Amino acid sequence: CCVAFGRSHHDVNTALTATGMLWSLADRDSSSETLDVVLSNLALLSSDNRPELRNCSVNTLFSCVVGLGERFTENQWEKSLNDTIFGVMREIASGISGAKDAVVAKDASNDRYKVAVHHTRNSSSKQWAATQVLALRGLERVLRQYFIRLLATASSTPPNISDSQQPWLITTWREILAISLDCSKLAGGRETLDVRMAGVELIVLCAQLSCKAGIVAAGTTARVGTNMEVVGGALRSVRTPTRDKKSETTTPTLPVDNALRQQLFELAFATMDGFRQYLEENGTTNSDDDSGVDSLLTQVLTKIMGELAKLYECCKHDEMSPGVCDLQLNIAIENDDGYESRFLYLLQVIANNAEYGSSSRYLNQVQKGVMSLLQTMASNSSLRAFKALATTSGDYMFVQSNENDAESFELEAAKTVASAFESDNLSDEAKVTVMCSVLSHYLKIYGSDKELIPSDAAERRTSEARYDIVTKVIDSGCHAAANIDVAADDKTILDSIWERIVTVVTSLILPPAASRYDGYAHHSKSILDIVAIVLTHLPPRKYALAEPMLEQGANRAVAVAFECIEDVNKPDAAEGAVHVFLACFMGLCQKMPTCSAVTSLTNHILGDAIDSNDEDGSVLFSKTQQSLAIAVCESLQTTTSQDLLVGVFPLLCRLTNVENDGLRRVAGRILGGVNLAQTISRERQRAQEADIRAQEVEEENSAMLEEIEYLQAENDELQRQLALFTTEADA
């Protein structure tokens, strides 16, 4: 009777009321026979030509399944999914294929109720597409609510090789994924957009549900109602609402077959691979404008990126776990058939399909989503994600972009590498490995070793370099390397790591002769920061490795600074050379104050500054000398070696008499910090100790002389006795 009223075309309200009565019947009598009748009739009404009744029937069908699913047996679940719901899906797909794009004519009948049709639903194909979206959303509701129960019921049948003997859920799962994939690839205009978005969402939802951690790991659990039941066709509260905290964070504790769950996850992931293949083959061929990008596809990709982010949160500790990261000099990891590699491949294809034309100055939402997800993966110590970011960034990590105001996908990839280093979840081993890989790439571009420079990068100008990104990487990487160095017993690979770091710093402070002016003029402050970072974390056992680097850097900087004296057009290079000298010389004073380079450079620079005070020279020459002398004095202020300060004490005293106020003040501050009383006391103690030692040595010498005289006398006596014995024997 209800079906007859529902199919009646006399009055749409009567038909809608009849549909609601079917739900009431199932609610009052949930026996197997009644449920079969109700669901089959709702499925019949779901294919009605009237969109209002059709949509209402689809919603009622899935609400009935969700509301009464707790009472379903295994056979009822199998029948409701494979026969009823899939039957509805097939009818809707048939309706879409047979629908026309012609605009629905205005209703000219004498019905009492006129329905205004929006332009997005003013054709038969658009209306059927809306029904398909409702069906997909309804299937999502069922899976979200009852996946664990479905898995538990299907786990009672052990999987076998033959498809006919496999659990029924395997066949059902394949059908769900096939429907979802077909919807995600649906061709058409804007009317199919919601269908495509619902399709990709259902694909990723299946992967989330079937992963080991479950959808709860992503915080996306859904509830149909709280303490509500259908009474008389209406949703009513039947008891006092309470907050069910357990259901918010845990899944039902039902016995499930983990092998079956893994099989379902593999099927879902394979469907994601199928969508990736579709993008590779057809992604950018349906562009609706001159940009080369389908705007509808962009919206679909934006949707799937949001879902993929949730999927990774579910799988990052299990299926997509990067595993233990071993310390190495480069990211020596290859792509394989693992889930993490396949996931990154999908992200790469999505990013390729989201690229705008060269005229675009900003990243779109898809590209931002890809970059955000790659950063999340990198922060989870995924070397594959770091490798993908480094490959994408190319030279942008070290080279300035021509368009400073534009957002470049490559530049954002470089920035993402540095941002990922700020994560507390990133292991020290991963930081060091990624840093070494980045430094290796830097040496290929700007390294001084000819074997590392490719032919196409030989003409790279130092003025094009940028160090803001790599500075962050070096800072975090050196800190991590220092932490590992303290606890490691075998320091073989750590020695190689520190050598690579020192090699990079050497290439910074010793630029090629052809570009030395540009290097000092544009990047001196960055060089100063990097040198300070490396020396802060460099272990004392590697100071000998850094000493020649700092000495050569200081000498080169002094040479460039004085070369700029003759060329008044390079004031920036002269100032930059002073900054580089400050970085190198201060490092020597702090870490290696007893080395000969400190004394020789101090005597040379301070001596020249004092001698030139009485000579007439150019303004630039005087300024350069004063800047170098101030740099020497500032470095001496940071040393803890009193012996060094005492050694340069005469020069500092002479600096207090120069005309330059800056030099006089800084020399005075250094002299004020020299503890002469302590130094004199220490030297006096050393002299006393030397005297005592000399006296002890003299006493030991006297004792040895006496011993020698005694032994000589004994030897003479023995010789005399031997001669006597020889004479008696002859007689």
Side-chain angles (χ1 to χ4, degrees), residues 1-26 34-68 76-105 107 109 111 113 115 117 120-143 172 175-176 178-180 182-183 186-188 191-192 194-196 198-199 202:
C1 179
C2 291
V3 177
F5 278 106
R7 301 186 65 179
S8 173
H9 288 258
H10 175 69
D11 185 20
V12 67
N13 280 342
T14 302
L16 295 175
T17 303
T19 303
M21 291 181 65
L22 287 173
W23 188 4
S24 300
L25 289 174
T34 303
L35 285 175
D36 291 342
V37 172
V38 170
L39 294 180
S40 61
N41 285 296
L42 286 173
L44 180 63
L45 294 175
S46 298
S47 60
D48 195 274
N49 290 329
R50 290 167 293 177
E52 303 88 358
L53 179 62
R54 184 172 65 238
N55 295 342
C56 178
S57 300
V58 170
N59 279 330
T60 304
L61 170 64
F62 284 103
S63 296
C64 185
V65 173
V66 171
L68 302 176
Q76 285 178 304
W77 272 119
E78 183 178 359
K79 185 175 182 180
S80 62
L81 287 171
N82 293 339
D83 296 340
T84 305
I85 294 179
F86 290 163
V88 170
M89 293 289 190
R90 286 190 290 269
E91 289 295 331
I92 294 175
S94 177
I96 291 178
S97 61
K100 298 181 180 180
D101 293 333
V103 177
V104 177
D107 191 358
S109 65
D111 288 350
Y113 306 102
V115 179
V117 181
T120 58
R121 300 290 183 266
N122 62 355
S123 69
S124 179
S125 60
K126 294 178 181 179
Q127 292 171 353
W128 277 105
T131 303
Q132 190 170 29
V133 172
L134 291 177
L136 292 172
R137 300 298 186 194
L139 186 55
E140 286 184 20
R141 291 170 57 196
V142 173
L143 294 178
T172 303
E175 184 67 20
I176 293 173
I179 292 173
S180 304
D182 290 340
C183 291
L186 190 63
E191 68 275 4
T192 64
D194 291 340
V195 179
R196 296 166 68 182
L202 185 54

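No experiment lies behind these values; they were computed from the predicted model shown.
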Euclidean distance, L35 CG relative to S40 OG, rounded to 0.5 Å: 10.5 Å
Please list, chain by chain and in numerical order, all residues satisfying salt bridge (Lys or Arg N to Asp or Glu O under 4.0 Å) with E91, sequence neighbours excluded. none
Of all the heavy-atom pairs spanning A198 and E140, show the shortest one and how long it is. O-OE2, 3.7 Å
Rounded to the nearest 0.5 Å, how far apart are CG of L39 and OG1 of T60? 11.0 Å
Do any N or O atoms from the side chain of S180 and from the backbone of I176 form a donor-acceptor pair under 3.5 angstrom? yes
Distance (rounded to the nearest 0.5 Å) between S57 OG and L44 CG: 9.0 Å
Quick one: which of D194, T192, L186 gives a side chain to side chain contact (heavy atoms under 4.5 Å, CB included) with Q132? L186
Give, for atom CZ of R54 and atom CG of L134, the distance between the pair rounded to the nearest 0.5 Å. 9.5 Å
Begin from the C-alpha positions of T131 and Q127 and carry the test side-chain contact (heavy atoms from CB on, under 4.5 Å) through to its verdict. CA-CA 6 Å; T131 303; Q127 292 171 353; 5.7 Å; no
Please name the pair of heavy atoms, one in A129 and one in V195, separated by the smallest distance, quoted to 0.1 Å. O-CG2, 3.5 Å
Heavy atoms, side chains only, cut-off 4.5 Å: are F62 and R137 in contact? no
Give, for atom SG of C56 and atom CG of L61, the distance between the pair rounded to the nearest 0.5 Å. 11.0 Å
Distance-only donor-acceptor hits, side chain of residues 80-89, under 3.5 Å, sequence neighbours excluded:
from: S80; atom 1: OG; to: Q76; atom 2: O; distance (Å): 2.9
from: S80; atom 1: OG; to: W77; atom 2: O; distance (Å): 3.0
from: N82; atom 1: OD1; to: T172; atom 2: OG1; distance (Å): 2.6
from: N82; atom 1: ND2; to: T172; atom 2: OG1; distance (Å): 3.3

With side-chain contact (heavy atoms from CB on, under 4.5 Å) as the criterion, how do I179 and C183 come out once you've worked through the C-alpha distance, each side chain's angles and the decisive distance to 0.1 Å? CA-CA 6 Å; I179 292 173; C183 291; 4.3 Å; yes
